[in-house]
Structure formats: structure tokens, C-alpha cells
Protein chains: 2
Amino acid sequence: MTSAVPSPVLVVGCGLIGTSVALALAERGAQVHLEDHDPRNVGVAAEAGAGTSDPVEAPELVVVATPPAAVVPAVEDALRRFPDAVVTDVASVKAAIVEAVDDPRFVGGHPMAGKERSGPAAGSGQLFEGRSWAIVPGERSASSAVDLLERTVVEIGAVPRRFGPRAHDEAVALVSHVPHLMANLTASLLDGAPDGHVDLAGQGLRDVTRIARSDADLWVDILGHNSSAITPLLTTLRDRLDTLIGAVGEDPSAVDGLLKQGRAGTTTIPGKHGDLPTDVTSVFVPIDDTPGELSRLFGDAAEVVNIEDLRIDHEVGRPVGLVEIVVLSGRADTLVEAMRAKGWSAYR
Amino acid sequence: MTSAVPSPVLVVGCGLIGTSVALALAERGAQVHLEDHDPRNVGVAAEAGAGTSDPVEAPELVVVATPPAAVVPAVEDALRRFPDAVVTDVASVKAAIVEAVDDPRFVGGHPMAGKERSGPAAGSGQLFEGRSWAIVPGERSASSAVDLLERTVVEIGAVPRRFGPRAHDEAVALVSHVPHLMANLTASLLDGAPDGHVDLAGQGLRDVTRIARSDADLWVDILGHNSSAITPLLTTLRDRLDTLIGAVGEDPSAVDGLLKQGRAGTTTIPGKHGDLPTDVTSVFVPIDDTPGELSRLFGDAAEVVNIEDLRIDHEVGRPVGLVEIVVLSGRADTLVEAMRAKGWSAYR
């Protein structure tokens, strides 16, 4: 256990996450072995440098990265085959799995990465850089097993976050599953909307509905496994929506209360570096849509300030874009002046 | 009427939008006169180059940019004082105003810009670059008045979109007001959530809830004026939410249907240049959070491909960011290879 990463490691299931874990560990010197019910996936992952299809004798760690429905049997199989190995999984819903397995050598895990792509060819050893990785021990998990998993997660660049199984499932319902459903519901109104109505859409609509583009099949699976955490939140939202329907146009103070509650909610979301959102201001710069303009813009801006965030607002119907550069409020005027001096039409 | 912009112009109300219209017209050679019930606003706008506080004799165009509740009396006052002028407004809800005024020289308007800031100091002549601007004639509006407004809007860089008053209000309910409320409701769940749950938040949650940060007071006003268009949409959403609550964990095919409806809705949103979303792929590049890194990244990327869109995903708890560069799918592999050759850890 003096090496930085466990070795050898067996990865069971060479989809996006499994292949990415394998690549991240292999890049850090681990001997990685790969299994998948489809040998083509192993071939693609091995070809990418994720490990070998040779059988493993005594892995220090087994990472089960199969689809959700196959996780429990795969974990139990691994615990049986390798009596000294620590076993973990990467499924996005945890309580049912952690309660079903209940073995000292098993610790549940869930990396917060990668939902928008799939397959071994999309794998990357950098996928977990800076991402949260939920560490979800069961009641009987050995502390040495938890330590091994946390250390491994840190080594591949992620940030371990310890959760109980039900708290984990409630947390992902809150920050991921329910927002996904709300984005989908909002977008569903656009399906069949009168011609021309979306011509008035701005960046706000694009932001709210972006995650609704994801693969529906994967989400049906995820949502089905976490309905007990999702349903109470949806019920709360339904009640608030009912209140809103009664209040819009009738009771401004009730509408105000709901809007302020939402605004307060946004302040709880961690910003850069895990801090609470700082005092930032947006500077807007229109650009021509020609190659190299963005590059020139960032070159000019980065000479003057540190860029906290940025967005490109696509302008409808014209070959022009509006770039929003978010900087610390005390630096906004400086940036505007500097950009204007370089010939840009910058404004706050 | 041979000049590109009307002149002289009177702008009534020197907030963000009024000042920005004045600046845009003044920059294009119009003689602009400014009025506001608060002389300090006129002072700030005039100081910025938006026009003069001198009284106007016979404006060709009057732009009423007061708060919503003051629009109708201000429009009627302008029609009385200036018997040859075309009069327009910029309020974000139109049916009640256009139906109340009903004069051949009045044409309603609504620029889709600027809601996240306020005040004359935030004004900019570039604010309307590439933005849609709804042109909303009443039943008796003269076509010459409509033409004048459309020509003016084009001159200051916006894209005129002709709407009937009720269609306009339904469209903004659909693409702006209701998405805003859904973002707020989603964010409201975070207010009072257990400690640590938001540690698992990713970029999706930030996107969905971003517009919920806006000023609540302004939104209470907007929503109150458009309740007749908003309420039916909220009721539809409530019914779909009820269906979803019954279906999650019980009826995967019903959940699948709702998700697919949302996904279909996202495809109706205009992308770049007003086209439907094209076939694009994201390339991910982790970067250190040091000044100049973004600039160097864009310089390297822009040598190889045209960047369709980009986002920075702030990594929680670590001084590192993940930049998502969206390019045409056929260019993604080229970009990944070129970036790796330059030392970046790029992946699809």
C-alpha cells in the first residue's frame, strides 16, 4: 500500500466510466485488467491504453462499472472470486446497492462526471479531474476499504465526498435528477409551440433546457432507481407550482416570496473553487463570427483581468455573437476600458 | 426620411433600455432628446452621450421606456404633445398596452435584451446587437409607422419580428416568463437543503437555475402583467408534473414519453445564426486556473477549428477548470489531436 494507486486493479464493465477509471489508474502506474460481457468493449478500452484483457489473479481493487441493473450480481461475484480485494461500484443511485451487498470489503462510489457521453471510445483518464466523487460506505464497510477508495479517488484527481446511502440518493435527486426533469418539462412546452414563438428566445431558455437534450433511455433507468428520493421533491414542486398558479396576477407578495426563495436557493450552489458565489460583474463584448475572433478577444481580456466565467450568447439570425465575460466586480471597469482601448465594443 | 435613423427622437424614461436606445440612435447620427421623471437619470444618460435634456419641438419618433405601469399614460401624452410623431414603447408585455392605445401613430415594441441589469449607467448603444425586437402593431397602426419602427430597429442592429399583441404575450410567456418560474422553483428546493448535498452539484444545476438569480421585484411586475398567458402554460406543466409523479418508478414508458417530448422541444430552439442546432460535438480540455491559460487555450483551438460554443465548468473544491469547446462533429477529432500535440489533455 505504499504505491500511490492500488495495483493490480480489475475494472468490470468498459463503458465510459469504467474505461475512464482504467485509463486514469493505468496512467498512474497501476496494472489494470479489463472485463466486459462484450469483448469488443474490452478491445476498444485496451487499445486506448486502459489495460489488458488478461485474467487477473489477486486484484487489490475491483471497480464494477456495469449498467445499474447488473451492479449487485457483479459486486457479489467479485467479492466471491477475489477474497482479499476491496470492491466498489460507480452507479448513480446507491441505497439499494449498498444495502443489498453489506460486506466489509465493499464501499459504494459515484463519480459526478460523464453523463452526456457514453461508450469506451469516449473514455478519458482526465474525466474525473476536479469532479466530486461520492464515497458511500455501507454499515459494515471496513474503514481500511473506505480509506483505499478515498485515496484512489484523490489520486485520479477527484474530490471524495462521504455520504450515507440515503443521503446520497436524496442529494443527487436534489441537484441532478429533479433539475433534469424540470428542464425537460420546460422544454416540453416548446414541442408543438406556434411557429415563430421561439424567435424571441434568449440565452435564458437555452440554459434552462440544455440538459433536457440528454439521452432519454439512460435517464429513464436512473430515475426509476431513485424514485423514492425524487417523488417527495416533485411533490413539493407541484405544491409550489399550485401556489404560483393561484398567485400570478392575483397576489404579488406570494409571487415575490416564491421568487426570493428561488434566488436564495441559487446562492447555495458552490461557485469557483468550491466557494460561495463571489461579487462578480459581467462585461459584454459583441464579436463577429469569424475564426480567430474569440481567440483575439480572450488574449486581450486575459492581459487585463482573470476571467471567472464566460458565456457566448448566440445571436439569432445574424452572424454575430455576444460574449459575456464574468470578472470580479472591482475589475469590470478596468476591463471595459482596456477592451475599448483595443477597439472592442465592450460594455457592462 | 432619407436619413438612416429618424431624427429628432425623444426618449421618455432613461433606464437601461431607454438610455441604450438613445445611445444607439445618437451614435448613428440622430438628434436625441431625453426625458425622465428623475432628472438625475437624464443627467447620467446625457453625460454618457445619449442625448440632450433640451426640450424637443417635433420629434419624428418618441420611444417610451418607462416602467410598465406608466407606459399607457406616457404614450398618450406623447401622441397629444407631438401630433406628427410615431410613438413606440419597449414594455415586455404588450396586449393591454396596444389595445388601450389604439392610435394609427402608435406601434408597440419589445427588445429582447437587458433584463439582467438596470439603470442608465448600464446603458450601451450595442445592447441590441443581434437581439430580436418584437414589433407589435395595433389594429389601427399605420403601415408607415410600422415601417419607421422596423427600419429604426434594423439600423441599431436588432432583428425585427412582427407579432400580434396576444401572440407576443404568449410567446414571451413560453420562452421567457415560464422558464424563469421553473428555474426559480427548481432553485427553491436548494434553499434549506441539508448541508453537503449541493457538493454533488454539476454544471447542469447551475445552468437550470442561473436565471433565478435575477431581480425579484422586476419579475413580479412582469409576471403580474402577463398572467393570462402564463397561467395556461403553468397549468399544462402542473398536469405533466402530476403525470410524472405518478410515473416515476412505476411506468418507465410514460417517463420515457415525457423525456422525449422535452428533448424534442429543445430542438426547436434556434441555434447559431438562427439555424436549428447542427451536428456538434464537445471537446473537453482541463485547464489550470491561472491567468492567461484561457487565452492560450483559445489561441491554440482557434488555429484549428471554428468554435461554435463553449462553456467553462467550474470544478468544485480544486483550482482547475474544465473547458468545453463545442465544434462541428466532423472537426472534433482534429481538434483533440491538435490540442494534444500542443500539450493539452483534450478529450471528446
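Since this is a predicted model, take the numbers as computed values, not measurements. Proteins get letters first, then strands, A, B, ... in listed order; numbering begins at 1 in each.
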Asker: Heavy atoms only: give me the nearest G196(B)-F163(A) pair and the separation to one decimal.
Answerer: O-CZ, 3.4 Å
Asker: I'd like to verify something: which residue of L181(B), L258(B), T231(B) has the highest number of heavy-atom pairs under 4.5 Å with chain A?
Answerer: L181(B)
Asker: One pair to check against side chain to side chain contact (heavy atoms under 4.5 Å, CB included): I211(A) and V208(B). What are the steps and the verdict?
Answerer: CA-CA 8 Å; I211(A) 55 176; V208(B) 173; 3.6 Å; yes
Asker: Report the distance from atom CD1 of I269(B) to atom CZ of R206(A), rounding to the nearest 0.5 Å.
Answerer: 7.0 Å
Asker: Could you look at T209(B) and say if it's the side chain, the backbone, both or neither that has a heavy atom under 4.5 Å from chain A?
Answerer: both
Asker: Please determine, among D191(B), I230(B), L200(B), the option with the most heavy-atom pairs under 4.5 Å with chain A.
Answerer: L200(B)
Asker: So which part of A167(B) gets closer than 4.5 Å to some heavy atom of chain A, the side chain, the backbone, both or neither?
Answerer: both
Asker: Is there a donor-acceptor contact under 3.5 Å from the side chain of R263(A) to the main chain of A212(B)?
Answerer: no
Asker: Please find the pair of heavy atoms, one from L205(B) and one from V175(A), that lie closest to each other, and give the distance.
Answerer: CB-O, 3.6 Å
Asker: What closest approach, in Å, do V248(A) and L223(B) show between heavy atoms, and which atom pair accounts for it?
Answerer: CG1-O, 3.8 Å
Asker: Is the shortest heavy-atom distance from the side chain of L190(B) to the side chain of T266(A) under 4.5 Å?
Answerer: no
Asker: Sort P194(B) into side chain, backbone, both or neither according to what part of it lies under 4.5 angstrom from a heavy atom of chain A.
Answerer: neither
Asker: Specify the closest pair of heavy atoms between A187(A) and G262(B), including all atoms of both residues, with the distance to one decimal.
Answerer: CB-O, 3.2 Å
Asker: Given that the side chain runs from C-beta out, which part of E170(B) has a heavy atom under 4.5 Å from chain A: side chain, backbone, both or neither?
Answerer: both
Asker: Between N226(B), V178(B), L174(B), which shows the greatest number of heavy-atom pairs under 4.5 Å with chain A?
Answerer: L174(B)
Asker: Relative to chain B, which of V255(A), T186(A), D300(A) shows the most heavy atom pairs under 4.5 Å?
Answerer: T186(A)
Asker: With rounding to the nearest 0.5 Å, note down the distance linking OG in S345(B) to CD in E27(A).
Answerer: 8.0 Å
Asker: Could you check which of G246(B), G249(B), A301(B) has the highest count of heavy-atom pairs closer than 4.5 Å to chain A?
Answerer: G249(B)
Asker: Check whether more than 12 heavy atoms from other residues, nucleotides or ligands sit under 6.0 Å from atom CG of D239(B), and answer yes or no.
Answerer: yes
Asker: Considering all heavy atoms of both residues, which atom of R240(B) and which atom of L189(A) are nearest to each other, and what is their separation?
Answerer: NH1-N, 3.8 Å
Asker: Tell me, do L259(B) and V220(A) make a side-chain contact under 4.5 Å, heavy atoms counted?
Answerer: yes
Asker: Just so I know, are the side chains of F284(B) and Q126(A) near enough to count as touching, which here means a heavy-atom distance under 4.5 Å?
Answerer: no
Asker: Rounded at 0.5 Å granularity, tell me how far OG1 in T236(A) sits from CG in L185(B).
Answerer: 11.0 Å
Asker: So which of G224(B), G125(B), P179(B) has the largest heavy-atom pair count under 4.5 angstrom toward chain A?
Answerer: P179(B)
Asker: Quick one: CG on L244(A) to OG on S188(B), what's the gap to the nearest 0.5 Å?
Answerer: 10.0 Å
Asker: Among D256(B), T235(B), D221(B), V172(B), who wins on heavy-atom pairs under 4.5 Å with chain A?
Answerer: D256(B)
Asker: Rounded at 0.5 Å granularity, tell me how far CG in L237(B) sits from CG in L237(A).
Answerer: 11.5 Å
Asker: In terms of heavy-atom pairs under 4.5 Å, which option from Q261(A), H197(A), H180(A) contacts chain B the most?
Answerer: H197(A)
